[in-house]
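See structure below.
To find a chain, count down the sequence lines: A is the first, B the second, and so on, and within it residues start at 1. As the structure is a prediction and not an experimental result, all values here were calculated from the model.
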Amino acid sequence: MRLSQSFIPTMRQDPGEAEVVSHRLMLRAGMIRKVAAGIYSYLPLGLRVLRKIETIVREEMNRAGAQELLLPILSPAELWKETDRWDFYGKELFRLQDRHERDFCLGPTHEEVVTDLFRREVRSYRQLPVTLYQIQTKFRDEIRPRFGIMRGREFIMKDAYSFDQDEEGAKRSYQGMYNAYCRIFTRMGLQFRPVEADTGLIGGISSHEFMVLANTGEELIVFAPDTQYAANVERAEIAPPAISEREAKKPLEKVATPNAKSVEEVCAFLDVSPCRLVKTLLYQTENDAMTAVLIRGDHQANEIKIQRYLGIHELTLATPEMISRFTTAPIGFVGPIGLPKVRILADHAVAALSNFIVGGNEPDMHLVHVNIDRDFTIDAIGDFRQAQAGDLSPRGGSPLQTARGIEVGHVFMLGTKYSEKMGATYLDAQGQTHPAIMGCYGIGVSRAAAAAIEQNHDEKGICWPMPIAPFHAQILPVTSSDEVRKTSDQIYTNLYQNGIEVLLDDREERGGVKFNDADLIGIPFHVIVGDKGLAQNTIEIKDRKTGEKFHVPREQVCEWITDIVKKRLESQP
RNA sequence: CGGGGCGUAGCGCAGCCCGGUAGCGCGCCUGCUUUGGGAGCAGGAUGUCGGAGGUUCAAAUCCUCUCGCCCCGACCA
């Protein structure tokens, strides 16, 4: 491709709208342009990267035995009503009506559509197992689209669905996809980590997320460095604290704490550490009931864990108005003692405390030297808080550490959640009817491109890993002599014939402009052709990522580049 | 959904408080000179000042409404 004839509009200045590195660099390198909030066009350079990622994904999905199909973007409300997700998915679902006022939505994921297909076509266990996948545009009306294509309202996803006869088969299918995902992200040249995850809106039994490690990632993960354990904080279990010797119980005491509402204020006022304080969080659950959850002052509640324990899908913190109606204390002074009859849950870390501090259930009052059982009773002890660095891993080993990641893949063991609701069944060898056991598996293709940039860039621009780079090499004629032009053209033609994807910067620009644009676009090798080098019959080759420079005799340049590109492409699992 | 901010040339911005008919840098076009890390000189083109309504002799500027975009938050007592 000749740059003079291609549509790669680079920008010198940072666009004002871009916050994160990948967003900024994708705009500047001419890969994407915004159409509306969270909606982007992919320009030729951006599309080439997507295609590279898609190709790797396809190859590995096919290798794992999955078959590609293409489901519609638009799907009828009826299917979504069968699984209750028409209501449950909420505002994130893009809904629309046709001219007859029939309800439709733009697919955010395709469990319903694929399960519908399955139940129409599959009758017998002889047709199982089967895994189907597609690569397609998805729609989610995100509460706040941001970070360019990282969290858009329209994005490209590979989604796969497996159907099995039994648990064992389902586990094999799951493991097959898990392994394929590891290969895919390794082949893409990304540093990643699979972590245990929550199942969220998709539901199901268990799941793993694939996180590209990057400090700018939206997700927080915890891991034990000396074991395999790693999990999203939403999910991460915490081992109960070792039982230490209890302090002698001191007499309960009421103290005035004027205007001290927050943990920090109370601790500052009483001059104690937040780990001596217990927060009483009042939650409203699905059936309008109240539940109090006790969490240590230096910890954070994990609503997903609380929901899972209570077996409910909706959990909201009580509003200040509700609190003042329900209790005798304003917000900030709620405590478990003297609370109207509610269920009280206590986190493990709270249960291990003696002589702690709670809200006094009256304005400007707290209680100190509080002890469970003596002063009030609780209904359950459990793991209700968010993991943080230093907590104990549930699988033993050293304390947990935290890292940030970008979720680029997610695999779910679904079980029969969809097949039962939708009647997706098969007949076994005995003629018995069973619901198929399902799994579903997503990869954010467009997000993976952004994640790759977050992980591979420097102050000048992108540094693409070879397997997903839009081109393998870029030729920069940096002076304008006939000799330089002729040599550049020759190298271009030869590399092209060798099957190397090569970009030739034949624009009439000065060297500096070409160098800077090349660094910005980030193609792995730059072939710098100038009179200086030609005088010694050499050509300079620069490795974009390391900055390493090689002076290669002119006759050997094509061979040199071809060899190194092939080598880099082959560094696969 | 709540709060904050911004919409002025392709991009980045100034002008708005204090009304007088639009400017800077980069880019773009032409010419000459230059040419290994974002060239110099000379000349040139480009604006429904996000949209609608209002106030005024006069509105980018003041008022009202509206649309779009960005950021923060969405309740940890």
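One P atom belongs to B:rC72, the other to B:rG53, and the distance between them is 36 Å to the nearest Å. B:rG47 sits 30 Å from B:rC57 when the P atoms are compared, rounded to a whole Å. Rounded to whole Å, the P atom of B:rA45 lies 36 Å from the corresponding atom of B:rC63. Taking atom C1' on both B:rA74 and B:rG19, the two are 41 Å apart, rounded to the nearest angstrom. Spacing between B:rC41 and B:rC24 at atom P, rounded to whole Å, works out to 16 Å. Nucleotides B:rC6 and B:rG44, compared at atom P, are 36 Å apart to the nearest Å. A distance of about 15 Å separates the C1' atoms of B:rG23 and B:rU61, rounded to the whole Å. Between B:rU30 and B:rC69, the two P atoms lie 36 Å apart (nearest whole Å).
The six-membered or imidazole ring of A:His472 lies away from that of A:Phe525, with a centre-to-centre distance of 6.0 Å or more. Residues A:His23 and A:Tyr40 place their aromatic rings such that the two centres sit under 6.0 Å apart.
Nucleotide B:rC11 holds its P atom 15 Å from the CG atom of A:Asp14, rounded to whole Å. Between the P atom of B:rU35 and the CG atom of A:Asp505 lies a distance of 19 Å, rounded to the nearest Å. Distance A:Glu17 CD to B:rG12 P: 7 Å, rounded to the nearest Å. Between A:Arg485 atom CZ and B:rU35 atom P the separation is 19 Å, expressed in whole Å. Residue A:His551 contributes atom NE2, which lies 11 Å from atom C1' of B:rG36 at whole-angstrom precision. Atom NZ in A:Lys261 sits roughly 13 Å away from atom C1' in B:rC75 (whole-Å rounding). If you take CG of A:Leu315 and C1' of B:rC76, they are 12 Å apart, rounded to a whole angstrom. Summarising the geometry, the separation between CD on A:Glu508 and P on B:rU30 is reported as 10 Å, rounded to the nearest angstrom.
Considering OG of A:Ser22 and CE of A:Met150, their distance stands at 4.0 Å, rounded to 0.5 Å.
Look at A:Asp198 and A:Arg308 and you find a salt bridge, because one of the NZ, NE, NH1 or NH2 atoms lies within 4.0 Å of a carboxylate O, short of that distance. The pair A:Arg2-A:Asp489 meets the salt-bridge criterion, with a side-chain N (NZ, NE, NH1 or NH2) lying under 4.0 Å from an Asp/Glu carboxylate O. Salt-bridge formation is detected for the pair A:Arg507/A:Asp517: a Lys NZ or Arg NE/NH1/NH2 atom is positioned less than 4.0 Å from an Asp or Glu carboxylate oxygen. With respect to A:Arg151 and A:Glu142, a salt bridge is recorded, a charged nitrogen being found less than 4.0 Å from a carboxylate O. Ion pairing between a basic and an acidic side chain is recognised when a charged N comes within 4.0 Å of a carboxylate O; A:Asp383 and A:Lys305 show such pairing.
Using a 4.0 Å heavy-atom cutoff across all strands shown, A:Thr316 reaches no nucleic acid atom at all. At the heavy-atom level, A:Leu281 lies under 4.0 Å from base atoms of the strands shown. No engagement by A:Leu476 is indicated, since no non-hydrogen atom pair under 4.0 Å with the nucleic acid exists. Contact annotation for A:Val266: no contact, since no heavy-atom pair falls under 4.0 Å across all strands.
For CD of A:Gln97, the number of neighbouring non-hydrogen atoms (other residues, nucleotides, ligands) closer than 6.0 Å is greater than 12. A:Lys261 NZ: 12 or fewer foreign heavy atoms inside a 6.0 Å radius.
Between A:Gly530 and A:Gly16, it is A:Gly16 whose nearest contact on RNA chain B lies nearer the 5' terminus. Residues A:Gly297 and A:Lys91 both approach RNA chain B. Their nearest nucleotides, taken by heavy-atom distance, put A:Lys91 toward the 5′ side.
Within a heavy-atom distance below 4.0 Å of RNA chain B, the residues of residues 30-39 of chain A found are A:Lys34, A:Ala36, A:Ala37.
With sequence neighbours left out, A:Glu196 forms a salt bridge (charged side-chain N to carboxylate O under 4.0 Å, His left out) with A:Arg395. Under the side chain to side chain contact (heavy atoms under 4.5 Å, CB included) criterion, A:Ala268 pairs with no residue at all, not counting sequence neighbours.
Under the Watson-Crick or G-U wobble criterion, with both distances below 3.5 Å, B:rC69 is paired with B:rG5. Applying the Watson-Crick and G-U wobble criteria (two distances, each under 3.5 Å), B:rU48 pairs with nothing in any strand. Within the shown strands, B:rC13 is the pairing partner of B:rG23 under the Watson-Crick or G-U definition, both distances less than 3.5 Å. Within the shown strands, B:rG54 is the pairing partner of B:rC62 under the Watson-Crick or G-U definition, both distances less than 3.5 Å. Of the nucleotides present, none pairs with B:rC18 by Watson-Crick or G-U wobble criteria with both distances under 3.5 Å. Base pairing analysis places B:rG43 opposite B:rC29; the two distances defining the Watson-Crick or G-U wobble pair are each below 3.5 Å.
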Got a list of side-chain donor-acceptor pairs under 3.5 Å for residues 548-558 of chain A, not counting sequence neighbours?
residue: A:Arg554; atom: NH1; partner: A:Glu483; partner atom: OE2; Å: 3.1
residue: A:Arg554; atom: NH2; partner: A:Gln490; partner atom: OE1; Å: 3.3
residue: A:Glu555; atom: OE2; partner: A:Asn537; partner atom: ND2; Å: 2.7

Output one line per pair: protein atom, nucleotide atom from nucleotides 2-10 of chain B, and distance, for all N/O pairs under 3.5 Å.
none

task: Using a 4.0 Å heavy-atom cut-off, write out nucleotides 37-52 of chain B from 5' to 3' as B (base contacted by protein), S (sugar-phosphate only) or - (no contact).
output: BBB-------------
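Between A:Thr402 and A:Ala389 the shortest heavy-atom distance is CG2-N, 3.7 Å.
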